[in-house]
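Here is the structure we will look at, set down as structure tokens.
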Amino acid sequence: MAEALVSVTINGRRHALWGEETEVLLTVLRDRLGLTGTKNGCEVGHCGACAVWVDGLPQLACLTLLGSVADRTVTTVEGLAGWWRTLNGNDAYHPLQTAFVDNGAVQCGFCTPGMLMAGAALVRDRPGATAEAVRESLAGHLCRCTGYEQIVRAVLDVAAREEDPA
Amino acid sequence: MSSTAWLRPRTAAEVTMALGLPGARILAGGTDLVPNRTWELDTGTTWVGIGAVPGTREVRCDAAGRWEVGAAVTLAEVLAHPQLGRHYPLWMEAMRAVATPEIRTQATVGGNLCVDTRCRFRNQPPIWRSGLIPCFKSGGDRCYAAPASRLCVAMLVSDSAPVLMAMGAEAAVAGPFARWIALADLYSGDGDRHLTLNPGEWVRAIRLPAKPPLGAFRKWRPRATMDFPEVDVAVSVDCDEEPRVVRIVVSAVGPVPVRATSAETLLESGPWTSERLAEAADRARAAVHPYDNGQLRVWGRQRAVHGLVLDALRQVASAVVEKGAQA
Amino acid sequence: MTVPTAERITAPATRLAGPRIDAWAKVTGQALYADDIRWPNLAYGVLLRSPHAHARIVSMDLEPARRMPGVLAVLAGPGSVAPYGIMPSTQDEHALAVNKVVHVGEPVAAIAAETREAAAAAARAAAVQYAVIKPVLRPGPGKGQVEPVHPEHPQGNLFKQVDLEFGEVEAAFFDSWVREDSFFYQGNNHGAMEPHAAVAYWTPDGQVEIVTSTQTPHYVQRELSRALGIPAYKIRVRASVVGGGFGGKSEAFGHEVAAVLLSRACGRPVKITLTREEVFYTHRGRHPVSMRVRTAWNPAGELQAMDFRSELDGGAYSSYGIATTYYTGALQPVTYRIPAYRFHGERWYTTKPPCGPKRGHGTTQPRALVEIHLDRVARALGLDPLELRRRNLTPPHSITVNQLEVTTSGLAECLDAVEAMSDWRARRLQPEPNRGLGVACSAYLSGAGLPIYWNPLPHSGVRMAVNRDGGVQVFCGLTDIGQGADTVLAVLTAHALGLDPARIRVHTADTGSTPVDLGSYSSRVTMMAGHAVLMAAERMAALVTEAVAARQGVALGEVRREQEGFWGADGVIAWEQAVQWAEAAHGPLTTFGGYTPPPPIGRYKGSGVGPSPTYSFSACVADVSVDPVTGQVAVHRLWVAHDLGQPLHPSLVEGQVRGGVVMGLGEALMEEQAFNPDGRHRGPHFLGYRMPTILDVPPIEVALVGEPDPRGPLGAKEVGQGPLNPVIPAVLNAISAAAGVDLSETPATPDRILRALKTQPQRRTI
């Protein structure tokens with residue numbers, strides 16, 4: 001009775017998953033679907049490395065139950081570029097991915113997927129966001145390598161461009 | 001991992017019934033229950049969601065101007081609400097202080113009020129706990145934080161609880177006998193069973209006063225975000241009443257938020273000179289006895305109470321002056 | 001005042017050197033960290049770990065675990081056939097404990113199963129009985145102690161004691177002004193975001209394949225060889241993409257040995273991934289150190305002598321402990337000129353997770369005390385703390401009293417830079433209430449002068465191959481742990497061969513296919529692999545140029561480069577063409593490069609720790625406020641200047657500086673690996689062990705100063721560790737200036753500050 005068939009769209013593809021409704025999304029993504037881009041840094045919501053989008057909002061996959069995403073859409077770092085292409089009809093990567101590469105926002109890269117998902121939601125919802133807003137939105141994401149500055153720079157870079165497409 | 005059932009009843013009565021199942025727990029946002037299961041702290045076998053019950057996801061204002069917020073409304077929804085922020089800035093401050101943006105997207109109003117108590121001798125990962133003789137909250141007969149105590153002293157870490165208490169908010173309890181209770185009456189004082197709710201009862205909504213008092217909130221923690229409180233202080237004053245109503249609530253120092261009544265009495269009448277504010281802070285500190293079960297050292301937490309209360313009182317005092325000037 | 005030679009880093013970092021070569025894989029989720037790896041027929045391993053800090057294993061019944069569903073193999077201790085450990089003289093670890101356990105989380109059994117959950121369930125089913133012994137929680141002879149940590153160790157719990165003395169120490173103290181201070185530096189953890197993980201396969205023909213999150217594949221191979229009792233050539237160690245190291249992944253661990261043994265037992269590849277809790281028990285982080293410093297001064301404010309004592313709490317095993325112990329005394333004379341110097345260090349076993357190397361290895365703790373001490377000296381002598389430091393800097397191109405050879409030093413420029421950037425004088429003249437400035441200096445090695453095990457071989461080797469397709473393949477054992485070592489290798493190759501970086505493909509961190517590089521520790525990679533790759537590239541360039549000269553019938557000196565190719569008699573000769581001529585002449589093009597540091601000049605026991613080809617220098621100024629009511633510290637800004645010689649890749653340099661500074665800030669303000677009286681960690685998770693969030697980090701201004709160092713590759717020195725060291729004392733000195741009280745330990749949490757404010761009289765002047 002605890003198991004159920006859960007239908008969920010992940011990175012644009014529909015999956016029918018049979019399993020425990022209370023299994024966390026993190027293990028579903030990593031262990032069952034092989035979507036290992038979403039990282040497990042602490043497994044209990046203390047680090048932010050496993051952030052994904054659920055219906056476009058950043059959530060921690062280690063705290064999200066499979067049953068709670070039934071009939072909803074999940075986007076992981078693997079699907080970020082695809083989401084962007086569908087939206088813009090081009091073949092580019094998400095501008096935040098490019099900005100992370102160009103701004104030196106990536107070091108060991110383990111926090112990067114979570115940072116990208118939180119940052120991409122921010123630049124989508126709040127074009128022209130201030131540095132303060134960027135920092136607030138990344139407050140739940142630990143990074144041990146960069147000192148954060150280059151990540152803020154990358155997000156601001158894109159937030160400014162999104163505000164003024166010219 | 002043992003199997004956990006997840007029920008999503010559609011009426012309040014069904015929730016009450018489901019809570020009668022063995023090992024039943026309310027599943028609200030899951031931001032506390034889920035990691036507690038991951039760490040094998042919570043072994044509940046039936047999770048009862050309440051979000052499908054009518055009203056639990058609603059925010060509305062009654063004829064008397066009191067706002068009622070459903071228990072399953074998320075913290076992010078509260079913070080984004082067009083009206084609530086204007087009416088209840090103090091509550092907003094506490095909400096913003098909770099955890100992180102992602103967690104606030106999931107966590108709920110009811111979940112934050114009822115969130116399980118925490119203790120440095122229990123809220124630890126599995127290997128850490130595996131060799132310990134169980135404490136009260138783990139089904140045993142002792143307390144590591146307070147060896148002389150006959151009750152669990154795990155702390156209430158809800159940031160909204162002290163603030164809502166200071167504001168004079170109420171909680172709607174659903175169950176066999178639905179009722180409204182003052183928020184202070186929600187907490188039992190026993191860290192193990194920290195809510196006063198009877199079997200089958202659950203918090204359906206909260207109700208905020210039409211004219212909230214002026215107030216201030218202080219959350220003391222090591223980092224600027226993410227951490228649970230090591231001490232929370234909420235202070236409010238309602239000068240429209242005579243004598244004025246003062247509430248000083250200190251929380252995250254035990255299983256229940258503490259009202260510093262002696263300090264409140266001092267400030268109910270007479271001028272709020274800096275000496276008397278300091279005296280009130282002294283009294284508040286004397287009323288509070290944190291146990292050594294937080295992350296920061298207990299002597300620091302005890303001492304912080306004084307400073308935080310003083311700080312909060314000063315803020316309220318100047319707000320009162322400002323308001324008087326405007327009037 | 002302007003910053004003399006500083007190149008201030010401004011946003012965004014220059015892209016001249018191009019982005020990191022692994023950046024795209026990391027932003028698209030393609031990079032494979034060890035736990036992301038899935039080999040066919042993979043099984044999952046879990047370690048059963050001790051819940052006690054100190055206990056005798058009375059009995060162990062693993063039968064119930066064997067009977068659990070999905071279980072493939074169950075192993076009891078010791079697992080390893082011989083004790084292993086990173087330092088050849090102090091090998092004291094087994095993969096699985098046998099008779100007793102000496103820290104919470106020590107592995108006692110290993111289980112492989114079809115899934116991780118099944119293995120974990122089996123671990124819970126195993127029945128181990130312990131007889132608990134009183135834990136040993138403090139260094140020192142220990143009163144009332146029931147049993148030493150390692151009863152067979154001849155000196156009780158004393159792991160190592162070292163004494164060094166240079167110059168006329170007693171004489172200097174005899175007729176000088178003397179001050180003494182002591183300090184306790186709390187231990188802390190690396191907190192790499194990626195927990196350790198390893199995938200291992202014992203192949204049917206008896207070879208070992210292991211992919212692991214490590215900084216040192218070569219040392220892991222050596223240690224596995226010893227632990228498994230098989231020749232090293234049968235073991236191929238590869239580093240996965242590593243999600244941060246900081247010293248925490250620089251030796252072999254029980255889970256790596258266990259993964260191999262479980263694989264042998266069940267005939268399938270086995271993966272073990274640590275939980276965050278297990279990472280805190282695996283540890284090897286910063287040692288807690290109690291320190292005392294005594295210094296002698298002449299009336300001109302010049303340091304005459306220093307007597308430094310350190311007592312390290314080593315935890316349960318040796319790890320790098322000998323080196324750490326020496327490092328707490330080695331670099332004091334590199335920063336400041338000390339005519340006479342005495343050092344006494346001791347490291348003790350305790351029943352806590354073993355300490356080891358963390359960014360700044362052993363130099364961070366003494367640096368904190370020395371710099372705090374200097375501020376107090378300056379206060380007593382009535383000198384500006386910056387001025388006192390200036391009067392005592394170790395001069396460039398000099399030899400220290402402990403026989404370390406300093407080449408270039410930009411420390412004076414570092415001080416000038418942070419003074420100018422912070423507007424030091426103006427701010428100090430007009431202090432705001434409860435607000436203060438603090439300064440500190442530091443020095444760090446650019447690669448350890450000696451390897452972990454004695455040998456006369458190169459510390460880094462590079463094999464370079466150029467194929468007829470015009471691409472360049474670089475093979476080197478170095479390991480990119482996030483700092484960008486692979487990128488540096490590619491950038492240097494492209495630079496040396498005059499090629500587009502897109503032609504370069506690097507193959508690293510694989511003992512099965514790359515020449516040895518000792519690993520990513522001691523800030524040695526750019527220095528040593530850098531030299532090695534430049535040598536290989538120079539030889540490759542010569543081969544190709546010679547072929548061009550021969551074909552064109554011109555003298556070697558007349559061959560001219562044009563873009564990627566060469567000028568020829570009939571126009572431009574493409575690189576590909578030149579390469580094919582060279583291959584026709586010489587056969588497949590392969591060259592080698594290697595690097596061995598200059599021999600240390602010291603000849604005393606202990607002189608092996610501290611020498612380096614060259615040293616980096618740093619200075620930091622912190623501006624903080626302390627709230628006297630809540631004890632909370634607000635760091636408004638940090639200014640950091642670092643001398644790394646010639647920067648090779650500005651964006652990587654910036655990442656190293658900022659990351660190190662923020663890690664230092666965490667150590668100063670919040671991070672502590674502390675334990676309860678029963679030996680349990682106060683919080684082996686990221687709420688109990690608090691690292692700075694983005695909201696805890698103030699604006700940080702960075703200046704790079706200095707000149708190219710003759711010993712660095714293209715003049716470069718290190719940047720990975722140095723910038724961390726001055727931050728902690730700068731922040732602590734600023735807190736002292738702001739609050740008017742002195743702290744006697746780290747971290748400066750609000751509870752400790754409230755206690756200091758309560759127990760100490762507050763100074764009123766700066």
Side-chain angles (χ1 to χ4, degrees), chain A residues 1-4 6 19-27 31 38 40-70 114-115 117-119 121-122 125-126 129 132-143 148, chain B residues 1-8 18 21 23 25 27-49 51-52 72 74-77 79-80 96-108 111 118 123-126 223-228 295:
Chain A
M1 117 161 217
E3 296 204 337
V6 174
E20 287 267 342
E21 278 194 288
T22 62
E23 181 177 353
V24 291
L25 186 58
L26 180 60
T27 57
D31 300 343
T38 302
N40 180 1
C42 74
E43 77 181 356
V44 283
H46 300 168
C47 79
C50 68
V52 299
W53 288 356
V54 176
D55 284 347
L57 286 183
Q59 253 179 245
L60 299 182
C62 70
L63 302 180
T64 301
L65 303 176
L66 175 60
S68 76
V69 298
M115 292 280 187
M117 298 317 288
L122 181 81
D125 297 340
R126 296 175 64 180
E132 212 33 58
V134 172
R135 286 156 55 86
E136 287 288 340
S137 75
L138 300 179
H141 296 260
L142 294 177
C143 169
Y148 300 107
Chain B
M1 193 191 306
S2 56
S3 182
T4 312
W6 182 2
L7 309 179
R8 277 160 268 200
L21 294 168
R25 306 272 187 280
L27 170 68
T31 55
D32 193 52
L33 185 59
V34 173
N36 282 352
R37 181 191 60 178
T38 303
W39 274 3
E40 301 159 26
L41 280 163
D42 194 294
T43 53
T45 47
T46 303
W47 289 355
V48 184
T74 68
L75 305 196
E77 286 164 349
L79 286 168
R96 268 193 300 275
V98 174
T100 63
E102 278 88 347
I103 288 175
R104 294 196 292 268
T105 298
Q106 263 185 276
T108 65
R118 296 179 67 85
N123 291 80
Q124 297 284 8
R223 292 183 292 186
T225 181
M226 213 181 269
D227 291 328
F228 284 104
Q295 283 296 334

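Labels below follow one simple rule: chain letters A, B, ... track the order of the sequence lines, proteins then strands, and each chain is numbered from 1.
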*Top contributor to chain B contacts, counting heavy-atom pairs under 4.5 Å, from A:Cys62, A:Ala118, A:Ala51, A:Pro58*: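 Between A:Cys62, A:Ala118, A:Ala51, A:Pro58, the count favours A:Pro58.
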
*Output the option from A:Leu65, A:Thr64, A:Leu142, A:Val54 having the highest count of non-hydrogen pairs under 4.5 Å with chain B.*
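That would be A:Leu65.
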
_Per-residue contact mode, A:Ala139 against chain B (heavy atom under 4.5 angstrom)_ =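 When you check distances to chain B, atoms from both the backbone and side chain of A:Ala139 fall under 4.5 Å.
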
*A:Leu60 versus chain B, heavy atoms under 4.5 Å apart: side chain, backbone, both or neither?*
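Both backbone and side chain.
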
_At a 4.5 Å cut-off on heavy atoms, which part of B:Arg223 comes close to chain A: side chain, backbone, both, or neither?_
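Just its side chain gets close to chain A.
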
*Name the region of B:Pro35, side chain, backbone, both or neither, that has any atom closer than 4.5 Å to a heavy atom of chain A.*
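Both parts, backbone and side chain.
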
_Within the 3.5 Å criterion, strictly below it, is a donor on B:Thr4 or A:Glu20 matched to an acceptor on the partner's side chain?_
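Their side chains do not contain a donor-acceptor pair, so the 3.5 Å distance test is not met.
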
*Looking at A:His46 and B:Trp39, what are the two nearest heavy atoms and their distance?*
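Smallest heavy-atom distance, with atoms named: CE1-CH2, 4.0 Å.
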
*Residue pair B:Arg8 / A:Gly67: nearest heavy atoms and the distance that separates them*: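 Smallest heavy-atom distance, with atoms named: NH1-O, 3.7 Å.
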
*Excluding sequence neighbours, so at least two apart, what forms salt bridge (Lys or Arg N to Asp or Glu O under 4.0 Å) with B:Glu77?*
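B:Glu77 satisfies salt bridge (Lys or Arg N to Asp or Glu O under 4.0 Å) with B:Arg57 only.
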
*Could you go through the side-chain contact (heavy atoms from CB on, under 4.5 Å) check for A:Arg135 and B:Thr225 one step at a time?*
CA-CA 11 Å; A:Arg135 286 156 55 86; B:Thr225 181; over 6 Å; no

*asked:* Taking every non-hydrogen pair under 4.5 Å, which of B:Gly30, B:Gly29, B:Pro101 racks up the most with chain A?
replied: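 Option with the greatest count: B:Pro101.
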
_Treating B:Gln106 as the side-chain partner and A:Leu63 as the backbone partner, does any N or O pair qualify as donor plus acceptor under 3.5 Å?_
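Here the side-chain-to-backbone pair exists.
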
*Kindly determine whether B:Leu27 and A:Thr22 satisfy side-chain contact (heavy atoms from CB on, under 4.5 Å), including the steps that lead there.*
CA-CA 11 Å; B:Leu27 170 68; A:Thr22 62; 6.0 Å; no

